[in-house]
Amino acid sequence: MDVRKMWIGGRWVEGSAGEVFPTFNPATGETIAHVAQASLEDVDRAVEAARRAFEGRWSQRPQARARALWKLAELMRAHFDELVALEVQNNGKAVTGVQGEVNQAIEDFEYFAGAADKIFGRTTPAAPYLLHYTLREPVGVCAQIVPWNYPLMMAAWKLAPALAAGCTVVLKPASATPLTALRLGELIQEAGIPDGVVNIVTGPGATVGAYLAAHPGVDKVAFTGETATGREIMKLAADGIKRISLELGGKSPNIVFADADLEAAVAGSLWAIFTSGGESCEARSRILVERPLYDDFLAAFAEKAARLKVGDPTDPATHIGALISAAHWQRVDGYVWRGVEEGARLVTGGGRPEDPALARGHFYRPTVLADVRPEMTVAQEEIFGPVVAVMPFDDEAEAIAVANGTRYGLAATLWTRDAARAHRVAAALRAGVVTVNHPFTAFPGQAFGGYKQSGFGRELGLEALELYTEVKSVTVLTSGRPVQPWRV
Ligand code: NAD
């Protein structure tokens, strides 16, 4: 089996220590490739290459960056089917969802291609003899560490604004899913993005990721992953006072008021938790239903959940593919039975689908736990699988209190026909993204990110450019006469 190499300083290289690690197809358990494992010296080389590239023309040429990003998006479109197939093979998720993700990754590059030459400073009012203005300058060398749940899309969320702003990058994909990021590296090369502007290193988070996050040559760390890892990253970045942005976990609420359109709420809520097999930071994993609608909603929702097709992720009829790994399967399953022990009612799901053809993959049935109380583990902790906690509420104030009653604050959805209530509740929710009467959260151009322990910093929107720029204030004396502040 050949070794997938890393992209460092414009060269495809093996790990300097000669180490490799396997990567798997979660739907079959097969090893699909061996991947070069970065040594710490390789990380040093990648950071040095990024520094050299930052000091070159890249950071000074916004129009050239725009053209390069647009070209990259075109190449991704030309290789769309191939990128989708590779992502499905390495991540195990259903192909229809992955098509949407790859499409969005392309749109992210298009969106930020358009933004590269629209990064404005401003002039500020000053005395007549002074000109005040600000420049927005790229932060420098960025370490970007991304998770396995949307491998290519998360890489795009990070790379597109950083490159548009004129930064250079060392990207570390998750060890479980490095393949599409490495393929993207080939397209980055083909797009003519200068050597060293993007470097891709592969290897474990605990060694390669941690070393990168603390590296003295790195100016900024952008991280997406678990809240616990985010906490580590903050500590690692602290010594160097690095800029950081964190996109972390979630336990997002989905509130169904009694006046909601029941059919739309059931259909939307189903997608909001089970898309991506629930391996989604913004998964609406808690459904709060106003009591008069509770039984009807639960019956319709559970009936549809049980009908979702779990299986071969390459089949366009599949709704839910495989979980990422056996260890993650165990974790998800453990949460389900803990929920039952704590008093939740298992309405449907729990465990593997019966089909023997699926025995070797990490498949999990869509699972509905009902009568959950807000303090239960399954209502507080991120499960990151196809498991939803359903609970009743009695009035709007209770719904808001329960919705806000976790340490997370990433996304929230509400279903109601009352326009005033929609805006009132949207304002009261402590979440970075709120949707009303639809479940879709992430659009290029629309800021995405968390409150509380779901992180800080915003991606996808123009706000993301702020994460990759420093503001420099410039003051110029325009009077033509020298100032003599001391008069001595
Ligand atoms: P993870 O935290 O285990 O790993 C994420 C990345 O960090 C990987 O590349 C990993 O190798 C690396 N890493 C791990 N330990 C590290 C360390 N000590 N130092 C530096 N790097 C380290 O997360 P995951 O399991 O890959 O992803 C799932 C998590 O990501 C979930 O919690 C999910 O909610 C979150 N997520 C959040 C968003 C968002 O936008 N808020 C989006 C997607 C995923």
Side-chain angles (χ1 to χ4, degrees), residues 21 23 26 35 37-38 40 43 90-91 93 101 104-105 108 143-158 170-178 180-181 200-215 218 221-238 242 244-252 273 275-285 323-325 327-328 331-332 381-385 406-411 431-433 441-442 446-461 464 467:
F21 63 93
T23 189
V35 180
Q37 180 161 316
L40 302 187
V43 177
N90 200 189
N91 176 275
K93 284 193 301 185
E101 294 166 28
Q104 208 220 72
D108 294 334
Q144 302 192 315
I145 302 175
V146 293
W148 48 259
N149 64 330
Y150 297 112
L152 187 67
M153 195 172 84
M154 289 296 106
W157 282 24
K158 293 269 176 287
V170 179
L171 175 76
K172 195 201 85 64
S175 311
T177 55
T180 45
I200 305 172
V201 295
T202 41
T207 51
V208 175
Y211 186 69
L212 185 58
H215 201 290
V218 164
V221 185
F223 170 78
T224 296
E226 284 188 36
T227 293
T229 320
R231 202 170 283 122
E232 284 306 306
I233 298 271
M234 287 183 88
K235 292 177 191 157
L236 290 164
K242 298 185 196 315
I244 42 180
S245 47
L246 302 174
E247 296 286 357
L248 307 176
K251 191 73 194 176
S252 298
I273 174 61
T275 187
S276 193
E279 291 176 322
S280 188
C281 53
E282 79 275 27
R284 257 62 104 239
S285 51
L323 294 176
I324 191 70
S325 65
H328 188 55
R331 187 178 158 195
V332 169
E381 293 187 18
E382 184 179 47
I383 299 174
F384 224 56
T406 74
R407 66 189 173 124
Y408 296 111
L410 187 55
V433 185
T441 12
Q446 181 86 354
F448 183 97
Y451 280 29
K452 302 194 280 183
Q453 292 189 29
S454 289
F456 51 81
R458 294 293 178 268
E459 302 195 284
L460 285 179
L467 306 177

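Every number for a ligand or one of its atoms is a count from 1 in the order of the listing. We count residues from 1, following the sequence as given.
For the side chain to side chain contact (heavy atoms under 4.5 Å, CB included) with Leu212, the qualifying choice from Leu236, Val170, Val221, Leu171 is Val170, the only one to do so. When the options Glu279, Glu382, Glu226, Glu381 are evaluated for a salt bridge (charged side-chain N to carboxylate O under 4.0 Å, His left out) with Arg331, the one that passes is Glu226.
Residues satisfying the salt bridge (Lys or Arg N to Asp or Glu O under 4.0 Å) criterion with Lys242, sequence neighbours excluded, are absent altogether. In this structure Glu247 satisfies the salt bridge (Lys or Arg N to Asp or Glu O under 4.0 Å) test with no other residue, sequence neighbours excluded.
The CD atom of Glu101 sits 7.0 Å away from the CG atom of Asn91 when rounded to the nearest 0.5 Å. With rounding to the nearest 0.5 angstrom, the NZ atom of Lys452 is 13.5 Å from the CG atom of Leu248.
Listed by number with element, the atoms of ligand 1 under 4.0 angstrom from any heavy atom of Ile233 are 19 (N), 20 (C), 21 (N). In the vicinity of Met154, heavy-atom distances shorter than 4.0 Å reach the ligand 1 atoms 42 (C), 43 (C). Within the listing of ligand 1, atoms 9 (O), 10 (C), 11 (O) sit less than 4.0 angstrom from a heavy atom of Lys172. Every atom of ligand 1 with a heavy atom of Pro173 under 4.0 Å away is listed here by number and element: 9 (O). If you number the atoms of ligand 1 from 1 as listed, the ones under 4.0 Å from a heavy atom of Cys281 come out as 33 (C), 34 (O), 36 (N), 37 (C), 38 (C), 39 (C), 40 (O), 41 (N), 42 (C), 43 (C), 44 (C).
Both the backbone and the side chain of Thr224 come within 4.0 Å of ligand 1, judged by heavy-atom distances. Neither the backbone nor the side chain of Tyr150 comes within 4.0 Å of ligand 1, counting heavy atoms alone. Within the 4.0 Å heavy-atom criterion, both parts of Ala210, backbone and side chain, lie near ligand 1. When heavy-atom distances to ligand 1 are checked against a 4.0 Å cut-off, Glu282 has no atom that comes that close, whether in backbone or side chain. Residue-level proximity to ligand 1 for Leu248 is carried by the backbone, the only part with a heavy atom below 4.0 angstrom. Of all the heavy atoms of Glu279, none lies under 4.0 Å from any atom of ligand 1, so neither backbone nor side chain is involved. Counting heavy atoms under 4.0 Å from ligand 1, residue Ala228 does not touch it at all.
You'll find the side chain of His215 reaches within 4.5 Å of the side chain of Val43, heavy atoms only. Under the 4.5 Å side-chain criterion, counting only non-hydrogen atoms from C-beta, Ser280 is in contact with Tyr150.
Backbone and side-chain nitrogen or oxygen atoms of Trp157 are examined, and none is located within less than 3.5 angstrom of a nitrogen or oxygen of ligand 1. Looking at Val146 next to ligand 1, an N or O pair under 3.5 Å apart turns up. Considering backbone and side-chain atoms alike, Glu226 places an N or O below 3.5 Å from some N or O of ligand 1. An N or O contact shorter than 3.5 Å is missing between Ile145 and ligand 1 by distance.
With distances taken over non-hydrogen atoms, the option nearest atom 13 (N) of ligand 1 out of Ala214, Gly230, Gly205 is Gly205. Considering each of Glu459, Glu232, Glu382, Lys235, the one bringing a non-hydrogen atom nearest atom 31 (C) of ligand 1 is Glu382.
In this structure, atom 4 (O) of ligand 1 is not in close contact with the protein, since no protein heavy atom lies within 4.0 Å of it.
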Item to check | ring pair (Phe, Tyr, Trp, His ring centres under 6.0 Å) between Trp157 and Phe448, intermediate numbers included | outcome: CA-CA 10 Å; Trp157 282 24; Phe448 183 97; 4.9 Å; yes
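Nearest to atom 25 (O) of ligand 1 among the protein's heavy atoms is Trp148 NE1, 2.8 Å. Atom 16 (C) of ligand 1 has as its closest protein heavy atom Thr229 CG2, 3.3 Å.
Side-chain polar atoms of Ser276 and Asn149 form no donor-acceptor pair below 3.5 angstrom.
For Ser280, the heavy-atom gap to ligand 1 stays at 4.0 angstrom or more.
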